[in-house]
Amino acid sequence: MKRCSVCQREYPDITTFCNKDGTKLDPITQDPQARLLIHSPDGDEREVVLTSAIATIGKTPDNTVIIPGETISRKHAQIQQREGQYFIRDLGSRNGTFLNGNRLGEDELPLQEGDEIAIGRSGTMLRFLLEPIISFPDTVDLSKVKLERATMLEPVSIYPQARLYITDSDGGEREVPLTSAFASIGKTPDNLVVIADEAISRKQSQIEQRDGQYLIRDLGSRNGTFLNGTRLGEDESPLHEGDEITIGLTKIRFHLEAVSSQPEITELPKVETAVALPVADEPAPTPIPQTPKSGKGVLVYFLAAPQDQDVCEAIRKHLSPVVRTSKVPIEINSDFDIPSGEDIEKYKQRLYAADIVLSIISADFINDDSTYLRNQKVIERYNNRETVLVPILVRNCLWKSTPFVNLPLLPKNFQPLNNKQFWNSEDDALAAVVNELNDSIIEFTHKQALQAASAVESADALKIKSTSGTARIQKEGVTHLNVDWRKKHYKNVLWKRLAAIMLDQLILLFMPLCASIFFYFLMGGNNSATIDEFVGYFLVVMYFVISPLMESSRWRGTIGKRIMKLQITDKNGGRISFFRSLWRNILRSLVLYLYVLTFGVLLIVQYFTFRKTKKLFHDQLSNTEIGERL
């Protein structure tokens with residue numbers, strides 16, 4: 001049924017205007033009904049209507065919404081209706097519940113139309129829909145309804161019709177009319193405008209019609225929405241004829257055209273038979289085609305070991321002003337910001353399409369097998385001039401035995417970001433790196449913008465240099481890097497450490513010991529028992545007193561290590577204590593003794609352990625690092 005908002009008279013659903021005053025009729029609605037649209041990782045979709053006040057989500061059959069999976073708890077989350085509002089809360093699950101990408105805490109949060117709920121890490125996505133139920137009877141017998149002559153007092157005013165002319169990243173063009181008051185734009189099929197671009201968010205932006213005016217606003221997307229070249233902020237902005245919207249690598253032109261008013265309705269025909277209202281089929285979701293990267297934007301990817309996640313997030317935060325002010329859309333990705341529900345392995349493939357790869361150099365980066373294999377592919381792309389490789393030293397290690405020594409390293413002073421003795425604060429260290437990246441990325445994006453506008457310059461001739469000359473980012477004249485570099489790295493490290501040990505034996509032990517024995521005999525001594533006792537005490541003092549004192553001092557190493565330009569630090573690059581150095585030397589002596597005592601069995605164990613941990617026993621147990629002398 002329908003009701004006139006002026007006279008409150010009720011009419012059948014087939015009636016459009018009030019017979020008395022010509023007002024357009026509104027459908028009679030019931031209370032809003034909530035439902036969950038569930039997208040499974042395998043592509044299946046189903047819908048669950050929330051008919052009770054409390055609905056639970058979990059993997060056991062006693063839940064309202066059953067989601068199988070090892071990462072789903074028995075009772076994972078709960079949705080409750082209270083005073084016309086729906087609330088969601090996590091029930092202490094192991095892998096968490098995510099609302100619009102944010103993990104829920106202990107408190108419940110209200111649900112809004114279109115909210116996305118991710119349950120654990122299963123890849124299942126729930127979309128919360130809240131819409132009124134409209135009363136439409138299956139058939140209406142109009143023969144029993146008395147229809148009167150209806151004269152329109154005024155033509156019905158209809159707002160101008162808006163259209164979007166979309167140019168996709170692959171050059172294809174299409175047109176989308178805005179037929180509803182709200183039009184969402186994103187990469188998932190539930191948007192009115194679906195853009196198959198990995199650079200945009202699931203819900204990127206929204207266009208709203210209000211009082212005859214069209215307004216656009218960004219929905220908190222990661223890489224932003226640009227209106228006529230200016231990035232949108234939190235507030236909505238009005239749209240005018242011919243405005244250009246840039247989302248990722250896609251251009252959208254806004255067109256506003258007037259629609260003629262409806263002709264005056266003078267008389268409604270008499271209907272003698274019952275009319276059945278057909279139910280329209282629900283339109284199939286728009287498929288998301290896989291589009292190649294066009295190069296109109298800049299994709300930056302952090303390549304780092306899992307232990308360096310915090311550093312990546314800190315650098316990314318400091319790069320935010322560069323992203324916001326860029327003339328070309330910049331997308332920054334890493335392994336640590338994968339949205340909930342994304343295919344993790346597919347997301348990580350973005351590394352091999354990145355324009356700029358920021359390699360976070362540390363001992364964990366060098367030793368991590370997964371990072372090493374991915375870095376091999378990045379070096380291949382760098383050698384083919386398909387990407388720019390920028391190493392950033394975050395923790396000291398033996399990085400001079402890696403191929404990154406042939407690249408412009410950041411910071412330019414070769415001081416790791418965690419070197420607290422050099423940097424006044426963490427922000428100072430990060431600012432030094434970001435400032436050096438800033439000019440290079442801006443100039444890189446400027447070149448990209450010029451290429452998109454004129455297409456005059458050749459991509460092979462692209463050469464980027466920062467004005468300060470510190471962070472050279474270039475695609476021309478690259479230094480060829482060895483792809484399989486780590487085997488040579490470990491060989492160099494082994495020889496450096498062996499050389500340092502031999503120098504220590506010669507300078508700290510053999511030469512002082514020979515000098516002491518010589519003076520003993522020179523003074524007339526000839527007791528061999530006294531000499532044996534003296535040698536024993538001498539070795540103990542040198543191994544367990546003098547060496548730890550040197551390693552815990554500002555030297556951060558013995559004489560042999562200083563000659564080989566090595567130093568010993570803790571995990572964070574700080575100076576180790578005397579007792580940690582003493583414990584390390586005890587462990588080293590014990591391991592060497594066990595090598596002999598076990599007839600080499602422990603040495604074989606060390607070999608296989610090293611292949612997994614990339615550390616020697618005494619380094620691993622004492623939690624120390626061997627790095628380059630700074």
Side-chain angles (χ1 to χ4, degrees), residues 298 300-326 330 332-337 356-366 371 388-400 402 404-405 407-445 464-474 552-557 565-577 623-630:
V298 177
V300 180
Y301 204 102
F302 283 97
L303 177 58
Q307 294 83 349
D308 296 320
Q309 176 178 353
D310 294 341
V311 179
C312 292
E313 293 175 350
I315 296 177
R316 177 171 182 163
K317 181 172 65 175
H318 280 71
L319 280 172
S320 297
V322 180
V323 176
R324 293 193 185 101
T325 58
S326 172
I330 299 177
I332 301 180
N333 295 141
S334 72
D335 296 349
F336 314 118
D337 60 352
I356 301 175
V357 176
L358 304 180
S359 296
I360 307 302
I361 307 302
S362 65
D364 292 310
F365 179 94
I366 296 173
T371 306
V388 172
L389 186 56
V390 182
I392 301 175
L393 184 61
V394 298
R395 289 188 283 124
N396 193 27
C397 57
L398 291 169
W399 60 272
K400 291 182 181 178
T402 70
F404 304 110
V405 71
L407 298 176
L409 186 79
L410 299 181
K412 65 176 182 178
N413 52 23
F414 303 149
Q415 296 292 336
L417 299 187
N418 72 336
N419 189 357
K420 297 179 181 179
Q421 290 189 338
F422 182 86
W423 304 106
N424 293 327
S425 66
E426 180 183 0
D427 287 336
D428 289 341
L430 293 171
V433 170
V434 172
N435 286 337
E436 292 165 11
L437 284 173
N438 187 14
D439 293 336
S440 299
I441 293 180
I442 289 177
E443 192 166 350
F444 188 95
T445 56
I464 312 298
K465 281 192 176 182
S466 66
T467 55
S468 62
T470 57
R472 299 189 303 272
I473 298 182
Q474 55 191 27
S552 60
S553 69
R554 60 182 181 86
W555 281 20
R556 301 190 180 192
K565 298 182 179 180
L566 300 178
Q567 67 176 14
I568 299 177
T569 63
D570 59 16
K571 188 76 172 178
N572 297 320
R575 186 191 305 179
I576 62 175
S577 64
N623 197 22
T624 54
E625 300 281 353
I626 302 294
E628 303 286 353
R629 180 81 185 166
L630 299 178

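For reference, positions follow the sequence shown, starting with 1. Being a predicted model, the structure only gives us computed values, none of them experimental.
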Atom [atom1] in [X], atom [atom2] in [Y]: separation rounded to 0.5 Å?
{"X": "Cys312", "Y": "Leu319", "atom1": "SG", "atom2": "CG", "answer": "11.0 Å"}
{"X": "Asp310", "Y": "Phe336", "atom1": "CG", "atom2": "CZ", "answer": "9.0 Å"}
{"X": "Arg554", "Y": "Arg575", "atom1": "CZ", "atom2": "CZ", "answer": "8.5 Å"}
{"X": "Leu409", "Y": "Phe414", "atom1": "CG", "atom2": "CZ", "answer": "6.0 Å"}
{"X": "Gln309", "Y": "Ile360", "atom1": "CD", "atom2": "CD1", "answer": "12.0 Å"}
{"X": "Ile576", "Y": "Gln567", "atom1": "CD1", "atom2": "CD", "answer": "10.5 Å"}

Checking Asp428 now: which residues fulfil side-chain hydrogen bond (donor to acceptor under 3.5 Å, both in side chains) with it, not counting sequence neighbours? Ser425
Please name all residues satisfying salt bridge (charged side-chain N to carboxylate O under 4.0 Å, His left out) with Asp364, sequence neighbours left out, ordered by chain then number. Arg395, Lys571
Under 6.0 Å between the ring centres of Trp399 and Phe365? no
Show your working on side-chain contact (heavy atoms from CB on, under 4.5 Å) between Leu389 and Leu303 and close with a plain yes or no. CA-CA 10 Å; Leu389 186 56; Leu303 177 58; 5.9 Å; no
With heavy-atom distances below 4.5 Å as the criterion, would you say the side chains of Leu417 and Ile392 are in contact? yes
Checking Tyr301 now: which residues fulfil ring-ring contact (aromatic ring centres under 6.0 Å, His included) with it, not counting sequence neighbours? none
Identify the heavy atoms of [X] and [Y] that sit nearest to each other, and give their distance.
{"X": "Ala363", "Y": "Glu625", "result": "CB-OE1, 3.5 Å"}
{"X": "Ser577", "Y": "Ser552", "result": "C-CB, 3.7 Å"}
{"X": "Ser334", "Y": "Phe302", "result": "CB-CB, 3.7 Å"}
{"X": "Thr371", "Y": "Ala304", "result": "OG1-O, 3.8 Å"}
{"X": "Pro416", "Y": "Trp423", "result": "O-NE1, 2.8 Å"}
{"X": "Ile366", "Y": "Leu398", "result": "CD1-O, 4.3 Å"}

Verdict with reasoning, Ser359 to Val357, per side-chain contact (heavy atoms from CB on, under 4.5 Å): CA-CA 6 Å; Ser359 296; Val357 176; 4.1 Å; yes
Asn396 and Asn418: CA distance, side-chain angles, deciding distance, side-chain contact (heavy atoms from CB on, under 4.5 Å) verdict: CA-CA 8 Å; Asn396 193 27; Asn418 72 336; 5.5 Å; no
Can you tell me if CD on Glu426 sees more than 12 non-hydrogen neighbours from other groups inside 6.0 Å? no
Using the rule given for side-chain contact (heavy atoms from CB on, under 4.5 Å), can you reason through Leu437 versus Ile356, listing the C-alpha separation, both sets of side-chain angles and the distance that settles it, and then say yes or no? CA-CA 11 Å; Leu437 284 173; Ile356 301 175; 6.0 Å; no
